[in-house]
Colleague: 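This structure is in structure tokens; I'll ask about it shortly.
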Amino acid sequence: MMNTPICDFIDKYTENGTLRFHMPGHKGKDLIGFEKYDITEINGADSLYEASGIIAESEKNASALFGADTFYSTEGSSHCIRAMLYLLKCSGVTRILAGRNAHKAFLSAVALLDTKIEWIYPSENESYLSGRIDLSSLESRLSESNEKTAVYITSPDYLGNIADIKSIAEICKRFNAFLAVDNAHGAYLKFLRESLHPIDLGADICCDSAHKTLPVITGGAYLHIAKANTGIFSARARDALSLFGSTSPSYLILRSLDAANKYLSDGFDKKLGIFIEKVNEVKKRLCSHGYKLLGNEELKVVINTKEFGYYGQELGRIINERNIEYEFCDRDHLVLMLAPIMEFCELEIMADSLCSVERRKAITEAVPSIPRSEAILTPREAIFAESERIGSSRSEGRILTQFNISCPPAVPIAVCGERINSDAVKCFEYYGITEITVKKLM
């Protein structure tokens with residue numbers, strides 16, 4: 001069984017009665033109840049971005065679990081995404097082909113690093129949240145240029161779709177392109193009977209939000225680098241994380257990541273397998289009741305609610321009233337995220353609630369086309385431009401300068417620097433975005 005060096009150090013420190021003449025200001029005294037475990041870079045505690053002691057030892061444990069060079073983040077996958085783009089740029093990448101459903105953290109990194117982006121769009125009849133990649137189209141795009149290129153995808157996406165990473169990785173290798181994956185929703189994929197983790201399928205670099213599907217407190221994440229790329233990325237990984245991260249990383253989150261190593265090494269794969277069997281039973285029950293489920297991800301229940309006669313927000317309100325909180329909903333979908341630490345009875349309660357809802361006539365309203373707007377400014381130029389807020393209904397022809405999207409899902413409909421077209425306006429209206437930020441007219 002794996003050791004827990006960070007947990008052990010903090011436990012020893014809390015027990016020895018040391019007077020705390022250091023930050024944080026609570027001095028280990030209870031206000032909420034966790035304060036005694038909340039320390040900073042004191043003697044022996046190591047330092048996240050210069051790790052050589054207990055943090056480095058804990059990261060080594062995580063690396064063994066994931067089969068990669070693994071580094072901790074206490075600021076979520078957003079932090080790791082920025083680090084990934086920095087490392088790609090340092091490795092000579094001048095062009096990134098990116099799935100259009102990229103998280104806004106990707107776009108903020110693009111703006112900060114002034115990176116050249118070319119978008120990969122899903123098909124016309126898909127949601128803007130979809131991350132499906134057409135392999136033949138990708139191959140064609142990679143053959144168009146001799147620039148050093150990286151492909152950046154989001155998998156799993158918010159609708160529970162897992163990309164064919166193995167095939168995408170094979171195409172990338174043929175064209176000497178790096179493959180970077182936002183695997184924020186898929187940390188558990190490593191522990192399936194047959195791993196579907198991006199690193200095992202050929203990705204060069206990826207991030208996982210440990211807190212999304214593993215028992216880690218919010219903010220805990222991993223930056224994974226494939227062993228084959230140790231010399232390319234790993235030597236600068238801590239510098240990359242330090243560039244974008246706080247100089248006061250949370251030791252509560254580091255402790256949680258450390259404890260998770262022990263949890264994952266102690267039969268987690270078997271627990272996950274048993275839990276997924278139960279989830280599959282629940283999914284079959286929901287389908288028998290008439291629900292259309294989307295995606296191929298094990299730990300999401302994604303319902304196409306309009307097929308059942310409800311808008312997503314409407315079905316979300318119904319289960320909310322029954323004391324069930326969902327992850328995300330919009331006009332078309334209701335998304336519930338699961339984790340093996342849940343009790344089977346919780347799954348049954350969720351299924352009972354959904355199956356008590358009476359099916360209605362399907363809503364046939366079509367999803368608006370994904371806007372393909374013309375880029376007038378780079379994202380960097382756009383976010384620094386003089387701007388103003390206007391109603392989205394009168395924004396056609398204006399240049400977007402900010403992301404104007406909440407989290408979840410944190411996937412922008414239009415991208416900073418693009419001229420807003422009629423398709424974008426229709427999407428804003430459809431998804432309830434009433435105000436946006438645009439470049440000020442001179």
Side-chain angles (χ1 to χ4, degrees), residues 76-78 81 99-107 122 126-132 153-163 182-189 207-214 216 218-219 221 279 282-283 286 291-339 341-342 346-347 349-351 353-354 357 363 365 367-368 370 403-414 427-434:
S77 281
S78 295
I81 288 168
R100 180 66 177 201
N101 67 330
H103 191 277
K104 67 179 181 180
F106 172 81
L107 289 164
E126 292 190 85
S127 166
Y128 76 104
L129 297 173
S130 173
R132 296 185 196 275
I153 65 172
T154 302
S155 176
D157 64 28
Y158 233 112
L159 302 183
N161 299 301
I162 300 176
D182 175 356
N183 185 54
H185 287 233
Y188 74 95
L189 295 174
C207 63
D208 301 349
S209 287
H211 68 87
K212 283 183 167 63
T213 56
L214 304 179
V216 171
T218 299
V279 170
V282 166
K283 287 182 177 180
L286 293 175
Y291 286 109
K292 180 180 179 181
L293 303 186
L294 304 176
N296 58 347
E297 190 192 338
E298 304 282 11
L299 294 187
K300 274 199 186 81
V301 173
V302 182
I303 300 173
N304 179 336
T305 58
K306 289 199 297 192
E307 289 275 338
F308 199 72
Y310 296 79
Y311 289 108
Q313 298 96 328
E314 190 178 6
L315 189 59
R317 282 195 296 271
I318 290 171
I319 65 168
N320 249 176
E321 291 167 359
R322 299 171 187 181
N323 206 29
I324 295 172
E325 188 61 61
Y326 51 84
E327 167 64 21
F328 165 72
C329 69
D330 61 13
R331 288 174 71 88
D332 308 289
H333 311 102
L334 179 68
V335 179
L336 300 106
M337 291 183 68
L338 317 175
I341 204 164
M342 299 176 78
E346 293 177 87
L347 297 180
I349 292 168
M350 177 267 289
S353 179
L354 286 169
V357 179
I363 298 170
E365 175 189 38
V367 176
I370 299 169
F403 303 121
N404 299 123
I405 192 75
S406 61
C407 184
V411 176
I413 289 168
C427 278
F428 292 145
E429 181 181 5
Y430 185 83
Y431 292 107
I433 298 170
T434 57

Colleague: Report the distance from atom CD1 of I413 to atom SG of C427, rounding to the nearest 0.5 Å.
Modeller: 5.5 Å
Colleague: Do the non-hydrogen side-chain atoms of P156 and L189 ever get within less than 4.5 Å of each other?
Modeller: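 A side-chain contact under 4.5 Å exists here.
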Colleague: To the closest 0.5 Å, what do you measure between OH (Y291) and CG (N304)?
Modeller: 12.0 Å
Colleague: Indicate the atoms forming the closest heavy-atom contact of S127 with I370, along with that distance.
Modeller: O-CD1, 3.8 Å
Colleague: Which heavy atom of N183 sits nearest a heavy atom of S155, and at what distance?
Modeller: OD1-O, 3.1 Å
Colleague: To the nearest 0.5 angstrom, please state how far the CD atom of E307 sits from the NZ atom of K292.
Modeller: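 With rounding to 0.5 Å, CD (E307) is 4.5 Å from NZ (K292).
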Colleague: Excluding sequence neighbours, so at least two apart, what forms side chain to side chain donor-acceptor pair (under 3.5 Å) with N161?
Modeller: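 Expected list: R132, D157.
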Colleague: For the residue pair D330 and L129, establish whether any side-chain heavy-atom pair is separated by less than 4.5 Å.
Modeller: yes
Colleague: Are N101 and Y128 close enough that some pair of their side-chain heavy atoms sits under 4.5 Å apart?
Modeller: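 Not touching, per the 4.5 Å side-chain cut-off.
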Colleague: Compare every heavy atom of Q313 with every heavy atom of C329, then report the nearest pair and how far apart it is.
Modeller: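 Closest heavy-atom pair between C329 and Q313: SG-CA, 3.7 Å.
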Colleague: Got a sec, which residues hit salt bridge (charged side-chain N to carboxylate O under 4.0 Å, His left out) with D332, two or more places apart in sequence or on another chain?
Modeller: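 If we apply the salt bridge (charged side-chain N to carboxylate O under 4.0 Å, His left out) test to D332, skipping adjacent residues, the hits are K306.
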Colleague: Residues two or more places apart in sequence or in another chain: which of them pass salt bridge (charged side-chain N to carboxylate O under 4.0 Å, His left out) with E346?
Modeller: none
Colleague: Which heavy-atom pair separates T213 from A339 by the least distance, and what is that distance?
Modeller: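 The answer is O-CB, 3.8 Å.
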Colleague: Is any side-chain heavy atom of Y188 less than 4.5 Å from a side-chain heavy atom of L338?
Modeller: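 No, too far: nothing below the 4.5 Å cut-off.
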Colleague: side-chain contact (heavy atoms from CB on, under 4.5 Å) with A102: which residues, sequence neighbours excluded?
Modeller: F106, W119, Y152
Colleague: With heavy-atom distances below 4.5 Å as the criterion, would you say the side chains of L315 and L354 are in contact?
Modeller: yes
Colleague: Run the side-chain contact (heavy atoms from CB on, under 4.5 Å) test against S78 and tell me which residues pass, sequence neighbours left out.
Modeller: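 Per chain and number, S78 pairs via side-chain contact (heavy atoms from CB on, under 4.5 Å) with R82, H103, A105.
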Colleague: Could you tell me whether R331 and E365 have a side-chain N and a carboxylate O separated by less than 4.0 Å?
Modeller: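 A salt bridge is present here (some side-chain N lies under 4.0 Å from a carboxylate O).
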Colleague: Set out, in order, the CA-CA distance, both residues' side-chain angles and the distance that settles side chain to side chain contact (heavy atoms under 4.5 Å, CB included) for V302 and F328, then state yes or no.
Modeller: CA-CA 9 Å; V302 182; F328 165 72; over 6 Å; no
Colleague: Less than 4.5 Å apart, side chain to side chain, heavy atoms only: is that true for I303 and Y326?
Modeller: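 A side-chain contact under 4.5 Å is absent here.
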Colleague: Would you call the rings of H185 and Y158 parallel, tilted or perpendicular if under 30° counts as parallel and over 60° as perpendicular?
Modeller: perpendicular
Colleague: Can you give me the closest heavy-atom contact between A414 and R100, atom names plus distance?
Modeller: CA-NH2, 3.8 Å
Colleague: Would you give the length of the straight line joining atom SG of C207 to atom CD1 of I81, rounded to the nearest 0.5 angstrom?
Modeller: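 With rounding to 0.5 Å, SG (C207) is 4.5 Å from CD1 (I81).
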Colleague: Side-chain contact, heavy-atom cut-off 4.5 Å: Y310 with L334?
Modeller: no
Colleague: A side-chain contact here means heavy atoms from C-beta on lying under 4.5 Å apart; do D208 and L214 qualify?
Modeller: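 The answer is no; the side chains never approach within 4.5 Å.
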Colleague: Specify the closest pair of heavy atoms between K283 and E298, including all atoms of both residues, with the distance to one decimal.
Modeller: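 Closest heavy-atom pair between K283 and E298: NZ-O, 3.4 Å.
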Colleague: In chain order, what residues pass the side-chain contact (heavy atoms from CB on, under 4.5 Å) check against A184, with sequence neighbours excluded?
Modeller: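 Partners of A184 under the side-chain contact (heavy atoms from CB on, under 4.5 Å) test: S77, D182, S209, K212.
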Colleague: Would you please test V301 and V282 for side chain to side chain contact (heavy atoms under 4.5 Å, CB included) and show each step?
Modeller: CA-CA 9 Å; V301 173; V282 166; 5.6 Å; no
